[in-house]
Amino acid sequence: MATKAVKRSEATSRLMSLLLRPHTPAFAAGAVLFLILFRRSSRFRFVARMTGYIIAVAIACLVGIASAPLMWLIGTPGYINWVVARTFAVVGPLFSGMRYRVIGNENITKTPLPCVYVANHQSSLDIIGMGAVLPKNTVVLGKKSIRFVPLLGWFMWAANNVFIDRKNRGSAIETMAKVAQYLKEHTYALWLYPEGTRSHQINNTMLPFKKGAFHLAVQGQIPIVPIVFSTYYPCYHQKKWVFEPGEITIKVLPPIPTVGLRTEDVDALLERTRDAMVEALKTIETKPFGKLPSSATKID
């Protein structure tokens with residue numbers, strides 16, 4: 001009994017000592033204020049989760065930058081994107097509250113490289129889905145300006161990803177032709193977003209597709225693997241400042257062959273791919289984990 005009393009007294013003394021430190025009351029007050037605002041304000045939760053999401057992206061990029069020299073040294077630069085993707089697949093949900101579920105992953109594992117992965121592009125949250133399914137030996141197509149973004153651009157450059165100048169159509173076409181040859185020579189896959197920009201859609205739609213990915217696939221005679229991320233709304237809506245935890249569904253569709261196709265078949269290939277992806281988008285959803293704020297359920 002005496003021993004328990006002594007331990008209780010020591011614990012109380014340590015707690016009082018901690019509380020009497022100069023910065024402890026301010027820290028405690030800040031923590032309490034954070035929790036109150038987080039519970040009561042959907043806008044505050046949006047800012048907090050977006051901040052956490054950005055921190056997760058920074059962590060994943062730093063891992064990529066740190067691992068790049070080793071990957072190049074041992075002759076596996078195609079693993080750099082995969083390392084970053086898997087890192088983000090772990091830390092992204094922890095910081096943002098967004099989880100993921102994958103349907104049809106066998107369409108990735110059973111499709112031999114080279115191939116072209118095309119995914120719908122809704123927002124920056126797409127990186128979570130990419131982290132969940134991006135395989136080894138895959139490079140990402142991005143706009144030229146990304147190279148100058150701190151951390152993200154540095155890692156993408158170190159991982160030997162592909163950058164194009166969208167404003168220069170001739171240069172972009174020439175780059176895509178070179179990429180097709182590059183994929184075949186190194187047995188790599190290419191990941192890109194054929195919409196070309198973020199749609200921020202809330203009603204299971206997609207923007208018109210650009211032809212670059214399909215010209216590349218036809219030139220290289222390599223298959224296209226469509227990947228569809230469920231609509232993030234109502235868990236996420238940038239204009240409404242809504243960012244609530246939920247489970248994103250990712251659906252990987254069967255590969256679409258391009259062997260025997262020619263340039264004149266590109267339009268039909270594009271339409272076939274987009275139609276399949278839009279139909280798949282209508283069959284999946286992002287499920288919220290809890291009650292959503294009223295602003296998230298009102299469509300303007």
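In this text the structure is predicted, and so the values were computed from the model without any measurement. The residues of the chain are indexed from 1 along the displayed sequence.
Hydrophobic clustering (ILVMFWY, side-chain heavy atoms < 4.5 Å, transitive): Met130 and Met50 are in one cluster. Linking ILVMFWY side-chain heavy atoms closer than 4.5 Å, directly or via other members, places Leu62 and Val57 in a single hydrophobic cluster. Following chains of ILVMFWY side-chain contacts shorter than 4.5 Å, one can reach Tyr79 starting from Leu113, so the two form part of one hydrophobic cluster. Under a hydrophobic clustering in which Ile, Leu, Val, Met, Phe, Trp and Tyr are joined whenever their side-chain heavy atoms come within less than 4.5 Å, directly or via other members, Leu134 and Ile146 fall into the same cluster. Residues Ile127 and Val102 share a single hydrophobic cluster, defined by chaining ILVMFWY side chains whose heavy atoms lie under 4.5 Å apart.
Looking at heavy atoms from C-beta onward, Asn137 lies out of side-chain contact with Pro135 at the 4.5 angstrom threshold. Proximity of Phe95 to Ile59: side-chain heavy atoms (C-beta onward) are separated by under 4.5 Å at one or more points. Residues Val218 and Asp265 fail the side-chain proximity criterion, which asks for heavy atoms closer than 4.5 Å. Using a 4.5 Å heavy-atom cutoff, the side chains of Tyr232 and Ile248 are in contact. Residues Met98 and Thr286 have side chains in contact (heavy-atom distance under 4.5 Å, counting atoms from C-beta outward). Here the side chains of Phe209 and Glu195 are in contact, with some heavy-atom distance below 4.5 Å.
The aromatic rings of Tyr188 and His186 lie tilted to each other, with the angle between the two planes from 30° to 60°. The aromatic rings of Phe243 and Tyr53 sit perpendicular, their planes meeting at an angle over 60°, well past the 30° parallel limit.
Side-chain atoms of Asp275 do not come within 3.5 Å of backbone N or O of Arg272 as any donor-acceptor pair. For Arg86 (side chain) and Gly131 (main-chain N/O), a donor-acceptor pair under 3.5 Å exists by modelled atom type. No donor-acceptor pair under 3.5 Å is formed between the side chain of Arg45 and the backbone N or O of Glu244. When atom types are taken as modelled, the side chain of Lys211 and the backbone of Leu270 share no donor-acceptor pair closer than 3.5 angstrom. Under a 3.5 Å cut-off, the side chain of Trp154 and the backbone N or O of Cys61 do not form any donor-acceptor pair. Looking at Glu285, its side chain never comes within 3.5 Å of a backbone N or O of Lys287 through a donor-acceptor pair. Checked by atom type and distance alone, the side chain of Arg274 pairs as donor or acceptor with a backbone atom of Met206 at under 3.5 Å. Put simply, the side chain of Gln221 gets close to the backbone of Thr258: a donor and an acceptor are under 3.5 Å apart. Side-chain atoms of Thr111 never come within 3.5 Å of backbone atoms of Ile108 as a donor-acceptor pair (strictly under, hydrogens ignored).
Rounding to the nearest 0.5 Å places CD1 of Ile128 at 9.0 Å from CZ of Arg99.
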- Should His121 and Ser199 be marked as a side chain to side chain contact (heavy atoms under 4.5 Å, CB included) after you check the CA-CA gap, both sets of side-chain angles, and the distance that decides it? CA-CA 6 Å; His121 196 15; Ser199 66; over 6 Å; no
- In sequence, state the C-alpha distance, the side-chain angles, and the governing distance for Val133 and Trp191, and then conclude on side chain to side chain contact (heavy atoms under 4.5 Å, CB included). CA-CA 11 Å; Val133 297; Trp191 179 292; 3.7 Å; yes
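Side-chain polar atoms of Tyr182 and Asn160 form a donor-acceptor pair below 3.5 angstrom. Side-chain polar atoms of Thr231 and Gln122 form no donor-acceptor pair below 3.5 angstrom.
For the pair Glu279 and Lys282, the salt-bridge criterion is met [side-chain N within less than 4.0 Å of a carboxylate O].
Under the side chain to side chain contact (heavy atoms under 4.5 Å, CB included) test applied with Pro114, the options Ile222, Thr138, Val179 reduce to a single match, Ile222.
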